[in-house]
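Computed from a predicted structure; not experimentally measured. Quick note: residue numbers are just sequence positions, from 1.
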Amino acid sequence: QVQLVESGGGLVQPGGSLRLSCEASGRPFSDYAMGWFRQAAGKEREFVAAISRAGTRTQYATWVQRRFTVSRDNAKNTAYLQMNGLKPDDTAAYFCAARLTVTGALLLSENDYVSWGQGTQVSVSS
């Protein structure tokens, strides 16, 4: 199993930016497809973005509207979520997730993932 630790959350004004990091340990990071999810207070967890194990394929939730960019650096065992143009509705706990894969698959459902980080809080408010 891979262990995941998110960082980079915080309080930001509307229109601001944050970069979340997800550092992995325990197994070769390049073996894992990665995803980002979020959960706002009182709501279900939802998909944000996914990236294939080599980082060559990505997919985003439709509501992202090109504001976020998912990436990874396999040499650093870290995945990233760059978030620009943040809105109050983006306030949530953000989680990264991983699953061992043998292909360049993109995994879009939380049920596809096996390993999860503890989450990092993002708050967008003036």
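Hydrophobic clustering places Val48 together with Val124 (ILVMFWY residues linked when any side-chain heavy atoms are closer than 4.5 Å, directly or through intermediates). Transitive grouping of hydrophobic side chains (ILVMFWY, heavy atoms separated by less than 4.5 Å) keeps Leu108 and Val70 in distinct clusters. Under a hydrophobic clustering in which Ile, Leu, Val, Met, Phe, Trp and Tyr are joined whenever their side-chain heavy atoms come within less than 4.5 Å, directly or via other members, Leu18 and Tyr60 fall into the same cluster. The cluster map of Ile, Leu, Val, Met, Phe, Trp and Tyr, joined by side-chain heavy atoms under 4.5 Å apart, puts Met34 and Leu100 in the same cluster. Under the 4.5 Å side-chain contact rule for hydrophobic residues, Trp36 and Phe95 do not share a cluster.
A donor-acceptor contact shorter than 3.5 Å links the side chain of Glu6 to the backbone of Gln118. Within the 3.5 Å criterion, the main-chain N or O of Thr91 finds no donor-acceptor partner in the side chain of Ser123. Side-chain N or O atoms of Arg72 include none that pairs as donor or acceptor with a backbone N or O of Gly55 at under 3.5 Å. Remark: side-chain polar atoms of Arg53 are paired, donor with acceptor, to backbone N or O of Ser30 under 3.5 angstrom.
Separating the SG atom in Cys22 from the CG atom in Leu4 is a distance of 4.5 Å, to the nearest 0.5 Å. Note that CZ of Arg38 and CD of Gln121 are 11.5 Å apart. Values are rounded to the nearest 0.5 Å. Rounding to the nearest 0.5 Å places CZ of Arg19 at 11.5 Å from CG of Asn84. If you take CZ on Phe29 and OG1 on Thr78, they are separated by 6.5 Å, rounding to the nearest 0.5 Å. The line from OG of Ser109 to CZ of Arg99 is 10.0 Å long, rounded to the nearest 0.5 Å.
When all heavy atoms are compared, the tightest approach of Ala24 to Val2 is CB-CG2, 3.6 Å. Scanning all heavy atoms of the two residues, the minimum distance from Thr120 to Gly8 falls at OG1-N, 4.2 Å.
Of the listed residues (Leu11, Leu81, Leu20), just one forms a side chain to side chain contact (heavy atoms under 4.5 Å, CB included) with Val122, and that residue is Leu20.
Partners of Ser52 according to the side-chain contact (heavy atoms from CB on, under 4.5 Å) rule, which considers only residues two or more places apart in sequence or in another chain, are Thr56, Arg57, Leu106.
Legend: ring-ring contact (aromatic ring centres under 6.0 Å, His included) pairs involving residues 37-59, not counting sequence neighbours, sorted by first then second residue: Phe37-Phe47, Phe37-Tyr113, Phe37-Trp116.
At least one side-chain heavy atom of Tyr94 sits less than 4.5 Å from a side-chain heavy atom of Met83.
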Would Phe68 and Asp90 satisfy side chain to side chain contact (heavy atoms under 4.5 Å, CB included), going step by step from the backbone distance to the final call?
CA-CA 11 Å; Phe68 297 178; Asp90 293 318; 4.0 Å; yes
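For CD of Glu23, the number of neighbouring non-hydrogen atoms (other residues, nucleotides, ligands) closer than 6.0 Å is 12 at most.
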